[in-house]
There are 2 protein chains.
Amino acid sequence: MTAERPAPVSSETVPAASAPARRRRRDASQTRQLLLDAARRRFARDGYAATTVRDIADDAGVNVALISRYFSSKEGLFEACLRAAGDELRRTTGQTPADQVPEAIARHIAGLGAAGLSSQLALLLRSSGDAAADEIRRGVLSRSSEQLAAARGWRPDEPGSEQTLLRAQMAIAAAIGAAVLRSSSIQLEPLSSATEQDLVGPLRDLVDALLPPA
Amino acid sequence: MTAERPAPVSSETVPAASAPARRRRRDASQTRQLLLDAARRRFARDGYAATTVRDIADDAGVNVALISRYFSSKEGLFEACLRAAGDELRRTTGQTPADQVPEAIARHIAGLGAAGLSSQLALLLRSSGDAAADEIRRGVLSRSSEQLAAARGWRPDEPGSEQTLLRAQMAIAAAIGAAVLRSSSIQLEPLSSATEQDLVGPLRDLVDALLPPA
DNA sequence: TGGGTAAGTCAGCAAGCGTTTACATCTAGC
DNA sequence: GCTAGATGTAAACGCTTGCTGACTTACCCA
């Protein structure tokens with residue numbers, strides 16, 4: 001094996017949003033991000049147990065041992081993915097006006113390409129069997145459902161608050177279920193190839209029925 | 001060691017791991033059924049890859065090698081589980097009157113105990129990565145959504161048939177998503193501990209909104 | 001311009017996986 | 001009661017897994 005010296009610049013994907021300028025050939029934070037992106041896609045699509053660390057490392061174009069270095073373990077990488085998905089979810093859905101909730105959900109389900117948002121949703125149904133990861137996911141789901149309910153006028157101390165929260169969680173369940181049914185391993189038609197525009201109508205009816213606008 | 005004579009009861013229900021059922025000491029069809037039941041629970045709860053054949057065999061109280069004998073492989077056992085779930089699903093939802101669809105879904109999600117129906121639903125989101133299994137599941141899901149749509153007046157050749165089917169699949173997605181969010185690895189509250197009665201109201205609103213009754 | 005260290009590489013281990021093989025034991029039919 | 005085949009058992013096999021430790025390479029700064 002001759003150690004070639006051609007610029008291993010490879011595909012140079014993920015210009016990201018932060019440092020689009022020249023990329024250092026050795027950049028820990030970028031490597032971390034490459035691993036996170038690859039892992040999120042794999043975990044969301046294939047589940048935790050079916051994904052191997054070698055798969056992830058190959059997708060990221062990075063050595064396997066770096067997963068242990070940066071995330072301690074496969075579990076640690078999974079937890080980092082959950083945290084990242086939670087952050088991003090909270091950021092993108094945080095200030096959704098009450099009347100645009102169905103559109104926001106439709107956008108999430110339809111995703112923005114293969115690397116898109118829908119893999120965040122699918123990730124939330126994947127379990128690693130680890131208690132710490134389960135706790136993170138439960139937190140993300142709880143906050144999301146509370147956020148959705150709040151966007152439709154819910155307040156924690158109102159009477160019947162529990163029922164409203166239950167209804168919000170049914171809506172979340174629908175969104176996540178749809179994301180998984182659309183995913184590559186199932187691809188249920190016509191749901192799988194439905195566009196954002198196709199989804200927004202049914203979703204508006206669904207959300208309005210579960211959480212009537214004020 | 002009991003010296004009881006094995007009564008010729010071939011269609012004996014599964015002894016719940018403790019019931020001293022009167023069974024033949026060696027009964028292939030019963031062993032098959034024990035494996036199927038144990039496998040369905042494991043696959044539904046933990047997913048395909050996270051479930052080991054030794055887990056299943058231990059749950060069933062049966063030797064590991066018998067999985068290969070009766071189902072060829074772990075894949076074969078998984079496919080048999082999917083087929084069984086599909087059959088049972090079609091049988092129990094086949095003659096649901098149009099106006100009792102939400103109740104039927106609520107009953108499925110709430111399940112009948114831990115070994116209940118909801119594990120069938122959760123199973124439908126689990127993938128083995130095998131193409132044959134994916135095809136079976138896609139068939140079950142397609143038939144289920146068509147059955148649901150048909151119960152609400154859908155006909156395949158009508159105009160707008162595709163949109164109605166999409167809406168039925170959104171309802172299926174909600175049901176399956178809720179079943180998984182309730183499952184032991186996630187247990188999202190208050191959804192997780194909601195009873196059949198708690199679920200039927202939201203589900204009626206959801207189904208009526210997606211598939212308006214005629 | 002060197003040297004210290006961060007970043008990345010490589011080969012391999014121990015454990016667990018699905019599966020198979022060779023064998024033991026039970027059951028049914030004569 | 002005997003025997004052939006059905007049923008169940010035990011012990012591996014070959015392979016993949018997550019992870020590690022010793023190593024090399026690139027980068028930054030004095």
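Chain letters run A, B, ... following the sequence lines, proteins first and then strands; every chain starts at 1.
- Considering B:Arg182, B:Arg204, B:His108 in turn, B:Arg182 is the only one that fulfils the side chain to side chain contact (heavy atoms under 4.5 Å, CB included) rule with B:Leu199.
- With rounding to whole Å, A:Asp27 atom CG is found 16 Å from D:dT25 atom C1'.
- Considering every non-hydrogen atom in both A:Val207 and A:Pro102, the closest pair reads CB-CG, 4.2 Å.
- At the phosphate of D:dG8, OP1 or OP2 sits under 4.0 Å from a side-chain N or O atom of B:Thr31.
- Side-chain atoms of B:Ser183 come within 3.5 Å of backbone atoms of B:Val180 as a donor-acceptor pair (strictly under, hydrogens ignored).
- The main-chain N or O of A:Gln147 is never found under 3.5 Å from a side-chain atom of A:Arg90 such that the two would form a donor-acceptor pair.
- In this structure, B:Ile67 places its CD1 atom 11 Å from C1' of C:dT19, rounding to the nearest Å.
- Of the possible donor and acceptor atoms, one in the side chain of B:Arg152 sits under 3.5 Å from a partner among the backbone N and O of B:Leu211.
- For B:Glu135, the salt bridge (Lys or Arg N to Asp or Glu O under 4.0 Å) test picks out B:Arg138, with sequence neighbours left out.
- Rounded to a whole Å, the CG atom of B:Leu66 is 16 Å from the P atom of C:dT21.
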Please produce a list of atom pairs where a protein N or O lies less than 3.5 Å from an N or O of nucleotides 1-6 of chain C.
none

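- A:Ser29 comes within 4.0 angstrom of nothing in the nucleic acid, heavy atoms only.
- For the pair B:Arg69 CZ and D:dG8 P, the computed distance is 8 Å after rounding to whole Å.
- Residue A:Ala175 comes nearest to A:Leu121 through the heavy atom pair O-CD1, 4.2 Å, listed as atom of the first residue, atom of the second, then distance.
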**Study point:** Audit row: B:Leu148, B:Trp154, side chain to side chain contact (heavy atoms under 4.5 Å, CB included) steps and yes/no
**Key:** CA-CA 9 Å; B:Leu148 169 57; B:Trp154 170 81; over 6 Å; no
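- When the C1' atom of D:dG8 is taken as reference, atom CZ of B:Arg32 falls 16 Å away, rounded to whole Å.
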**Study point:** Intermediate values then yes/no, side-chain hydrogen bond (donor to acceptor under 3.5 Å, both in side chains), A:Asp134 and B:Ser185
**Key:** CA-CA 7 Å; A:Asp134 285 350; B:Ser185 60; 5.5 Å; no
Check the interface with nucleotides 10-16 of chain D: list each N/O to N/O pair with the protein under 3.5 Å, or write none.
residue, atom, partner, partner atom, Å
D:dA12, N6, B:Arg54, NH2, 3.2

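- Rounded to whole Å, the distance from CG on B:Leu34 to P on D:dT7 is 14 Å.
- A:Lys74 places a side-chain N or O within donor-acceptor distance of the main-chain N or O of A:Thr51, the cut-off being under 3.5 Å.
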Using a 3.5 Å cut-off and no angle test, enumerate the donor-acceptor pairs between side-chain atoms of residues 167-174 of chain A and protein atoms at least two apart in sequence or in another chain.
residue, atom, partner, partner atom, Å
A:Arg167, NH1, A:Ala209, O, 3.4
A:Arg167, NH1, A:Leu210, O, 3.0
A:Arg167, NH1, B:Asp205, OD2, 3.0
A:Arg167, NH2, B:Asp205, OD2, 2.7
A:Gln169, OE1, B:Leu191, N, 3.0
A:Gln169, NE2, B:Glu189, O, 2.7

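- Taking a 4.0 Å limit (strictly below) on heavy-atom distances, residues 127-135 of chain B does not reach DNA chain C anywhere.
- Remark: side-chain polar atoms of B:Arg126 are paired, donor with acceptor, to backbone N or O of B:Arg45 under 3.5 angstrom.
- The stretch residues 71-85 of chain B touches DNA chain C through B:Ser73, B:Lys74, each having a heavy atom within less than 4.0 Å of the strand.
- Using the six-membered ring where Trp is involved, B:Tyr48 and B:Phe43 have ring planes that are parallel, under 30° apart on the 30 and 60° scheme.
- Using a distance-only test at 3.5 Å, with no hydrogens or angles considered, no donor-acceptor pair links the side chain of B:Arg42 to the main chain of B:Ile56.
- Going from atom CG of B:Leu35 over to atom C1' of C:dG18 covers 15 Å, rounded to whole Å.
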